[in-house]
Asks: 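Here you go, one structure.
Predicted model only: the values in this text are computed from it and were never measured. The first residue of the sequence shown is numbered 1, and numbering continues consecutively from there.
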Amino acid sequence: AVRSFNVAIDHLDTLGELAVSLKNNDTRALNAIGNTVAKWSGSAAPTNFDAAKQAVASEVEKAIIGGQTAFGDRKEAMDKINGFSSPDQLVGYISTMKSLMAGQLKGLAHQYKTYTGRDDFERRLEPKALSVFNASNNKPAPTSTKGGWGKAVKVSP
């Protein structure tokens with residue numbers, strides 16, 4: 001499981017870097033035209049990005065769901081990535097997936113400590129995964145809008 005998280009987090013960073021290399025904007029039609037022209041002119045950016053999307057979809061699903069995923073799960077994840085209309089949406093997806101993976105890693109860390117009595121889970125994480133894990137441990141407590149939309153109330157962990 002930890003291997004899947006290490007790989008998925010690394011792949012998400014690679015996808016983000018490849019997305020930046022596309023130099024796309026916020027209009028899907030213009031992006032499609034630009035990416036097609038780039039492919040025709042021999043640019044590797046669009047084909048590299050397309051190849052990475054497949055790997056990322058599989059790894060993210062495997063990490064979050066656990067174990068091997070079905071083709072339908074991978075296709076659904078690919079469809080989500082293909083459906084993004086702007087670089088901001090992709091960055092948001094990457095951030096959200098990392099946050100979800102951090103939550104899973106916290107659960108694994110707790111399980112590891114509980115069953116082994118050891119406190120060295122972090123040494124099993126690659127640097128990028130460790131960074132995501134550590135960042136999630138330093139997040140402020142979530143807030144609730146229980147008292148109305150304008151009145152955020154701190155929720156205890």
Asks: Can you give me the closest heavy-atom contact between Ala63 and Ala8, atom names plus distance?
Replies: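 So the minimum-distance heavy-atom pair works out to CB-CB, 4.0 Å.
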Asks: Does any non-hydrogen side-chain atom of Asp13 lie less than 4.5 Å from one of Lys98?
Replies: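 The answer is yes; the side chains approach within 4.5 Å.
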Asks: CZ of Phe133 to CZ of Arg124: how many Å apart, nearest 0.5 Å?
Replies: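 Rounded to the nearest 0.5 Å, the CZ-CZ separation comes to 12.0 Å.
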Asks: Is there a donor-acceptor contact under 3.5 Å from the side chain of Ser95 to the main chain of Val91?
Replies: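 The answer is no, because no donor-acceptor pair under 3.5 Å joins these two groups.
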Asks: With rounding to the nearest 0.5 angstrom, report the CG to CZ distance, Leu130 to Arg123.
Replies: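 Those atoms lie 12.5 Å apart.
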Asks: To the nearest 0.5 Å, what is the distance between CG on Leu125 and CG on Leu105?
Replies: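 Here the rounded value is 5.5 Å.
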Asks: Less than 4.5 Å apart, any side-chain heavy atom of Met101 and any of Ile9?
Replies: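 Met101 reaches Ile9 side chain to side chain.
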Asks: Under 4.5 Å between side-chain heavy atoms, counting indirect links through other Ile/Leu/Val/Met/Phe/Trp/Tyr residues: same cluster for Val7 and Val132 or not?
Replies: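 In one cluster with Val7: Val132, no.
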Asks: With side chain to side chain contact (heavy atoms under 4.5 Å, CB included) as the test, would you mind laying out the steps for Val2 and Tyr112 before giving the verdict?
Replies: CA-CA 11 Å; Val2 172; Tyr112 175 82; over 6 Å; no
Asks: Compare every heavy atom of Val56 with every heavy atom of His11, then report the nearest pair and how far apart it is.
Replies: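 For His11 versus Val56, the nearest heavy atoms are O-CG2, 3.4 Å.
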Asks: Any side-chain heavy-atom pair from Leu108 and Phe5 closer than 4.5 angstrom?
Replies: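 In short, these two side chains touch, coming nearer than 4.5 Å.
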Asks: Closest heavy-atom contact between Phe121 and Ala109?
Replies: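 Smallest heavy-atom distance, with atoms named: CD2-CB, 3.4 Å.
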Asks: Is there a path from Leu90 to Met97 through hydrophobic residues (I, L, V, M, F, W, Y) whose side chains come within less than 4.5 Å of each other?
Replies: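 Yes; Met97 is reachable from Leu90 via cluster members.
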Asks: Any side-chain heavy atom of Lys128 within less than 4.5 Å of one from Asn6?
Replies: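 No, every pair of side-chain atoms sits at 4.5 Å or beyond.
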